[in-house]
Amino acid sequence: MIRPNAAVLLEVRDLDAAIGGRAILKGVNLTVRAGEVHAIMGPNGSGKSTLVKILAGHPAYAASGGSVRYRGEDLLVMAPEARAQAGLFLGFQYPVEIPGVSNAQFLRLAFNSVRSARGEDELDPLEFDDLVREKLQVVAMDPSFLERNVNEGFSGGEKKRNEILQMALLEPIVALLDETDSGLDIDALRVVANGVNALSAPDKAIVLVTHYQRLLDYIVPDYVHVMEGGQIIKTGGRELALELEARGYDWVRVEYEHARAVA
Amino acid sequence: MTVTRGDFLDTLLGARPPTRDDAGWLSRLRAEALERANALSVPTTRDEEWRFTDLAPLTRLSFQPVRVAGTPDLARLRERFLPQAQMRLVFVDGVFAPGLSQLAAAAGACVSELGSALQGPRAAVLEAHLGRLAQFDANLFAGLNTAFLSYGAVIALDAGASLAEPVQILHVATRRDQPHAIYPRLLLAAGARSRCTVVEDFIGAEEAGYFSAPVTEIVLERDATVEHVRLQREAPGAFQLGTCAVSQAAGSHYHAVSVVLGARLSRLDWRVLHAGAGCQSVLDGLTLIDGRQLADTHSLVDHAHPHAHLRQQQKCVVSGAGHAVFNGKILVRQAAQRTDAAQSFRGLLLSARAQIDTKPQLEIFADDVKCAHGAAIGQLDPEQAFYLQSRGLTAPKALNLLTYGFAAEVIERIPVASLVRELECALVERTVESK
């Protein structure tokens, strides 16, 4: 939902990043307002995943230039947990396994960490159990998932559902979903997409990183951005995704380079 | 061995041996052990098997024999009672406490204190096994235990007998007035096809200073199944030098979980002998220490017959200036063809001063075997830590939860659900909720 007067939630300006001396991001610009759904597409190695990891505060990635403001605050100086507590969420492309820790334990600790940071009361195990069982329905997960260790032995689809379950519990303001559709069959994709749609709201925003347009059949984006060589080189509406699906990315690069040459 | 007798050993050996009117064979066994212990000396770091475990802090002290048992804190003691254990033997400062114990009749089984077991119908089983598995020819601490053997726990199962609920053997040390020497003993003789679960728990009052040299002997006859849990939660100032000797007959199944949390200095010598074909052993171990604790686990699995199966997993979590030692020897004798053995060691160092020494030791003389081992010592995975932080957990909380998970993987292997819960809660307190 595009509303020109909606509050700016995330503002990325001229963001640069390098890993081991190699530039990965070269001046990314992106503005996300409340209520919007953005899709970032682009070929492998274009910098999409690096961008969302920097936004979430991954310690192995650091910005070398530019700025990011999250609801008016300087995001880049915040610790990863402070970003999460402030309502930023990253759905991982490859969710990590945590042996020996049950999903229920983990989800409650995460939920209570965010709650207490917001000055709200923590839930005890019984209260939390009621809540989490309700949220399980969002992603059509069986309660037995709660007893299993975090992501351990989960199939690709189960891991992605678990990410969306965490999103449902933490109720983020800006959700960054990194290739949430990868490795999913069509049924799992529908479940995950329905879960995401159920969580979208006029005061929240979603940024999807994806390779394929098929996710966008289920989660309809307001903006589609093409990332290439560490920059966003084209922005359009949802029809751009269809065009990319049909024609690939090369024409976008040609068009971008031509425009630069003219300028 | 270098001779370093000193006060420590002189005081221990000078104690008056028990004068209980026992069977002749037991008196002879004690006398034999005393003689052997007199000829041995305290191992030093010059002995290869004791390279990393310096007993100097122990030998600087002298320990008196226990004449009268102290009074345990009953409320705290009761917290340690396993709710589902219908049989429980409690020893206070090494002395049997019938009032705190709970014994029930079970078909085909005898669970009792050594004294009454010696009078009972299964006395011959005791004579056949007591002191035979935990050999003391080169083991000073097993020798001391045997020489001063007075009270002990006995579990004897007839062929085909089965105990549905775990048997708990609880040792509590209480004396704070002066350092005492304690010699806990357990003999578990599992007859053919019998099944049981035993939980040995060693605890001590916070301020108690003592030296404990427990000996556990477990014999599994043909096709017997024994689940053995050993919890070392001694007082922070305690020394424990333990021996656990297991002998498995053909087709038997031994599963053990050893958890080491307490004592200032501890060592477990754990020997499992496969005395018949097709034995299965599963050994899980966890050491979780901090401060200036030293904890040493030395295991030996001796495969002497074909078609043996071993799965051994040892984990150590060390913080502060703690020091963990693991030496896991796997011996596959020439007769032990088709042995399938796998050992894994994982150590977690949580501070710059923490130390882990590990030495896998595979000695294989058979040619048709599968033996795998892996050892890894490291720190927590930053990807896992980031995942947790990205869900709102602070960095210390994330690291604590990962430490908890690392250790909980071993705790989950304990076959007693209430104990798993109790230990997991204790772990949460020690890891997740610390700081």
Side-chain angles (χ1 to χ4, degrees), chain A residues 52-53 55-61 78-103 105-118 122 125 147-152 159 162-163 165-167 169-172 175-176 178, chain B residues 257 259 284-288 313-317 344 346-348 376 378-414 417 420-421 423-435:
Chain A
V52 290
K53 281 177 174 158
L55 295 178
H58 192 294
Y61 300 79
M78 293 163 75
E81 59 267 33
R83 301 181 197 197
Q85 290 160 0
L88 190 77
F89 178 88
L90 171 62
F92 281 58
Q93 182 180 4
Y94 302 110
V96 183
E97 297 184 2
I98 313 283
V101 177
S102 77
N103 221 9
Q105 265 173 319
F106 162 63
L107 293 171
R108 191 168 74 88
L109 268 170
F111 178 80
N112 280 337
S113 297
V114 169
R115 288 270 290 204
S116 68
R118 290 174 189 165
E122 297 191 3
E147 303 312 317
R148 291 168 63 184
N149 287 340
V150 180
N151 293 328
E152 198 178 39
K159 284 183 180 173
N162 206 24
E163 293 295 287
L165 174 63
Q166 292 165 46
M167 177 177 162
L169 282 165
L170 301 180
E171 300 182 322
L176 312 165
D178 190 4
Chain B
V257 186
V259 179
D284 292 304
L286 168 69
T287 295
L288 185 89
Q313 145 178 252
Q314 175 72 36
K315 289 190 172 192
C316 292
V317 182
S344 118
R346 286 177 67 200
L348 193 53
Q379 282 141 17
L380 294 166
D381 179 1
E383 287 294 328
Q384 292 178 331
F386 172 63
Y387 187 65
L388 298 177
Q389 281 177 269
S390 78
R391 299 301 181 248
L393 276 70
T394 61
K397 236 185 182 161
L399 296 179
N400 289 342
L401 186 63
L402 292 175
T403 305
Y404 165 85
F406 182 86
E409 272 196 302
V410 178
I411 301 294
E412 284 165 6
R413 308 276 301 156
I414 293 175
V420 173
R421 278 194 299 275
L423 288 170
E424 283 184 345
C425 287
L427 262 183
V428 166
E429 265 171 46
R430 221 161 137 154
T431 53
V432 184
E433 277 157 20
S434 69
K435 286 172 197 171

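Values in this document were obtained by computation on a predicted structure and should not be read as measured data. Just so it is clear: chains get the letters A, B, ... in the order the sequence lines come, proteins before strands, and each one is counted from 1.
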With only heavy atoms counted, which part of B:A407 is less than 4.5 Å from chain A, the side chain, the backbone, both or neither? neither
Among residues at least two apart in sequence or on other chains, which ones pass ring-ring contact (aromatic ring centres under 6.0 Å, His included) with B:Y387? A:F92, A:F106
Shortest non-hydrogen contact from B:T394 toward A:E81: CA-OE2, 3.5 Å
Work out which heavy atom in A:A84 is nearest to a heavy atom in B:S390; give both atom names and the distance. CB-O, 3.3 Å
By a 4.5 Å heavy-atom criterion (distance strictly below it), what part of A:Q105 contacts chain B: side chain, backbone, both, or neither? side chain
Would you give the length of the straight line joining atom CD1 of A:I98 to atom CG of B:L388, rounded to the nearest 0.5 angstrom? 4.5 Å
If you take all heavy atoms of B:Y404 and A:G100, which pair is closest and at what distance? CE2-O, 3.7 Å
Could you tell me which portion of A:P95 (side chain, backbone, both or neither) has an atom closer than 4.5 angstrom to a non-hydrogen atom of chain B? both
d(B:E409 CD, A:N149 CG) to nearest 0.5 Å is 7.0 Å
Heavy-atom closest pair (A:P99 atom, B:Q384 atom, distance to 0.1 Å) is CD-NE2, 3.7 Å
Side-chain donor-acceptor pair present, A:Y94, B:E383, cut-off under 3.5 Å: no
Enumerate the side chain to side chain donor-acceptor pair (under 3.5 Å) contacts for residues 106-115 of chain A, please, sequence neighbours excluded, ordered by first and then second residue. none
Donor-acceptor pair, A:Q85 side chain versus B:G392 backbone, under 3.5 Å? yes
Part of B:L393 within contact of chain A (heavy atom distance under 4.5 Å): both
For A:A56, is it the side chain, the backbone, both, or neither that has a heavy atom closer than 4.5 Å to a heavy atom of chain B? both
